[in-house]
Number of protein chains: 2
Amino acid sequence: MRHVADQHSEPLTEAVFLILLSLAPEPKHGYAIMKDVEEISNGRVKLSTGTLYGALRRLLESKWIVRFAEKEASRDRQAYRLTSNGQAAMTAETARMKSLTRVAASRMAEGQA
Amino acid sequence: MRHVADQHSEPLTEAVFLILLSLAPEPKHGYAIMKDVEEISNGRVKLSTGTLYGALRRLLESKWIVRFAEKEASRDRQAYRLTSNGQAAMTAETARMKSLTRVAASRMAEGQA
DNA sequence: TCGTATTATGTCGTCATGCGACATGTCGCC
DNA sequence: GGCGACATGTCGCATGACGACATAATACGA
């Protein structure tokens, strides 16, 4: 999909969106994200580890999340935190979806008429 | 992404969703869909022909749209019409997005608190 | 009438991504 | 000691978006 330059908000994949959503209230480590994503999608989406760690790698590369060591934990788990960039991306994506649902509602009503 | 069996509504890609949305009020041929998608996305999404005709082929295969000849037109353009399956898919997808935006709103509020 | 923009449909190769399978190791508990 | 949950990762495959390319009819003005 090609997007105009001044508002080039590429649509997020559902996996990425749910991962960001999971990190929004507080930082989590990988496994906790998997469990949380399953919960917030009402059990609909179960991330495979391939999807999760692949997505996390790309999110780190694009600076939407940062990784830090959880000191308190006995095992050194790698926890992830949203950056302001990541928050902005989520806000933009939410706005995009809202706008689409609005158009969808009116279009489907037209179809009925 | 894995989905539970009883409600296996895979997320639609934005391209597919916009194509279905474009066909919701009335049938259109390929080129008209391209123009309409650009319009309903506020110029944000410009489908390439590769995306469009690839998506149309898959939509035909999954019986979400049907193709028919526009008799009135001088040139025989292939027009596409939504099936009830296609309408159902759009309804499901809209519901999915609404649900995600709701969760997103509450999660982002939590992040601020 | 000639050329050029618009309409219109399609294919191909590449790249990004989701996903299942596999690999590896820890921790708590019976 | 073994077993299930916790935890992190890699690899290969399949799907899909996309730009580039190809082709052709129509419309319209110079």
Side-chain angles (χ1 to χ4, degrees), chain A residues 1-5 8-20 22 27-39 41 44-62 64-65 67-70 72-80 89 93 96, chain B residues 1-5 8-20 22 27-39 41 44-62 64-65 67-70 72-80 89 93 96:
Chain A
M1 216 155 302
R2 208 175 345 134
H3 294 87
V4 292
H8 56 96
S9 57
E10 272 109 87
L12 304 184
T13 63
E14 191 176 36
V16 167
F17 181 72
L18 288 171
I19 289 170
L20 295 179
S22 166
K28 286 184 185 63
H29 58 274
Y31 195 80
I33 294 173
M34 275 197 286
K35 295 294 166 193
D36 194 41
V37 161
E38 187 173 351
E39 198 182 315
S41 69
R44 193 173 54 84
V45 179
K46 296 168 204 270
L47 296 181
S48 73
T49 58
T51 301
L52 176 69
Y53 290 102
L56 287 177
R57 184 176 41 76
R58 290 188 294 269
L59 287 171
L60 285 169
E61 278 163 14
S62 57
W64 285 6
I65 61 175
R67 180 154 64 168
F68 63 100
E70 270 189 334
E72 321 85 44
S74 53
R75 292 155 70 180
D76 56 358
R77 296 181 295 187
Q78 302 300 315
Y80 302 89
E93 178 68 5
R96 188 188 68 84
Chain B
M1 218 156 303
R2 208 176 346 133
H3 295 86
V4 293
H8 56 97
S9 57
E10 273 109 88
L12 303 183
T13 63
E14 191 176 37
V16 166
F17 181 72
L18 288 170
I19 289 169
L20 294 179
S22 167
K28 286 183 185 62
H29 58 274
Y31 195 79
I33 294 173
M34 274 196 286
K35 296 294 168 192
D36 195 41
V37 162
E38 186 174 351
E39 199 183 314
S41 68
R44 194 174 54 85
V45 179
K46 297 170 204 266
L47 296 181
S48 73
T49 59
T51 302
L52 176 68
Y53 290 102
L56 286 177
R57 184 176 40 76
R58 289 188 293 270
L59 287 171
L60 285 170
E61 279 164 13
S62 56
W64 285 6
I65 60 175
R67 180 153 67 167
F68 64 101
E70 268 189 336
E72 322 85 44
S74 52
R75 293 155 70 178
D76 55 359
R77 297 180 295 188
Q78 302 300 315
Y80 301 89
E93 178 67 5
R96 188 188 66 85

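What you are looking at is a predicted structure, and each value in this text was computed from that prediction instead of being measured. Naming: A, B, ... by sequence-line order, numbering from 1 per chain.
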Rounded to the Å, how far apart are B:Lys28 NZ and C:dT9 P?
13 Å
So, are A:Arg96 and A:Glu93 salt-bridged, with charged N and O less than 4.0 Å apart?
yes
Please determine whether any donor N or O and acceptor N or O are separated by less than 3.5 Å between the side chain of B:Thr49 and the base of D:dA20.
yes
Under 3.5 Å, side chain of B:Ser62 to main-chain N/O of B:Arg58, donor-acceptor pair present?
yes
According to a strict under-4.0 Å criterion, is B:Arg58 in side-chain N/O contact with OP1 or OP2 of D:dG16?
yes
Taking for each residue the nucleotide of DNA chain C bearing the nearest heavy atom, is the 5' side occupied by B:Arg57 or by B:Lys35?
B:Lys35
For the side chain of A:Tyr31, counting heavy atoms from C-beta on, which of D:dC6, C:dT17, D:dA17 is nearest?
D:dC6
B:Ile33 CD1 - C:dT9 C1' separation (whole Å)
12 Å
When rounded to whole Å, the CG to C1' distance for the pair A:Leu60 and D:dG9 reads 14 Å
Of the listed nucleotides (C:dT7, D:dA17, C:dG10), which one gets closest to any side-chain atom of B:Val16?
D:dA17
Strictly distance-based, threshold 3.5 Å: is any side-chain N or O of A:Ser41 a donor or acceptor partner for the main-chain N or O of A:Val37?
yes
How close or far is atom P of D:dG19 from atom NZ of B:Lys46, stated in whole angstroms?
11 Å
Over how many whole Å does the gap from A:Met34 atom CE to D:dT8 atom C1' extend?
8 Å
Whole Å only: how far is the NE2 atom of A:His29 from the C1' atom of D:dT8?
10 Å
Please work out if B:Tyr80 contacts a base, only the sugar-phosphate, or nothing of the nucleic acid, heavy-atom cut-off 4.0 Å.
sugar-phosphate
Using whole Å, report how far CD of B:Glu14 lies from P of D:dA17.
10 Å
Regarding B:Gly54, tell me which of base, sugar-phosphate or nothing describes its non-hydrogen contacts under 4.0 Å with the strands shown.
nothing
Nearest whole Å is fine: how far is D:dA17 P from B:Ile19 CD1?
8 Å
Can you tell whether the side chains of A:Glu39 and A:Arg44 come within less than 4.0 Å, N to carboxylate O?
no
Between D:dA17, D:dT8, D:dG9, which nucleotide gets closest to the side-chain atoms of A:Arg67?
D:dG9
The side chain of A:Tyr53 is closest to which nucleotide in this list: D:dA7, D:dG16, D:dC6?
D:dA7
Decide yes or no on side chain to side chain contact (heavy atoms under 4.5 Å, CB included) for B:Tyr53 and B:Arg57, but give the supporting numbers first.
CA-CA 6 Å; B:Tyr53 290 102; B:Arg57 184 176 40 76; over 6 Å; no
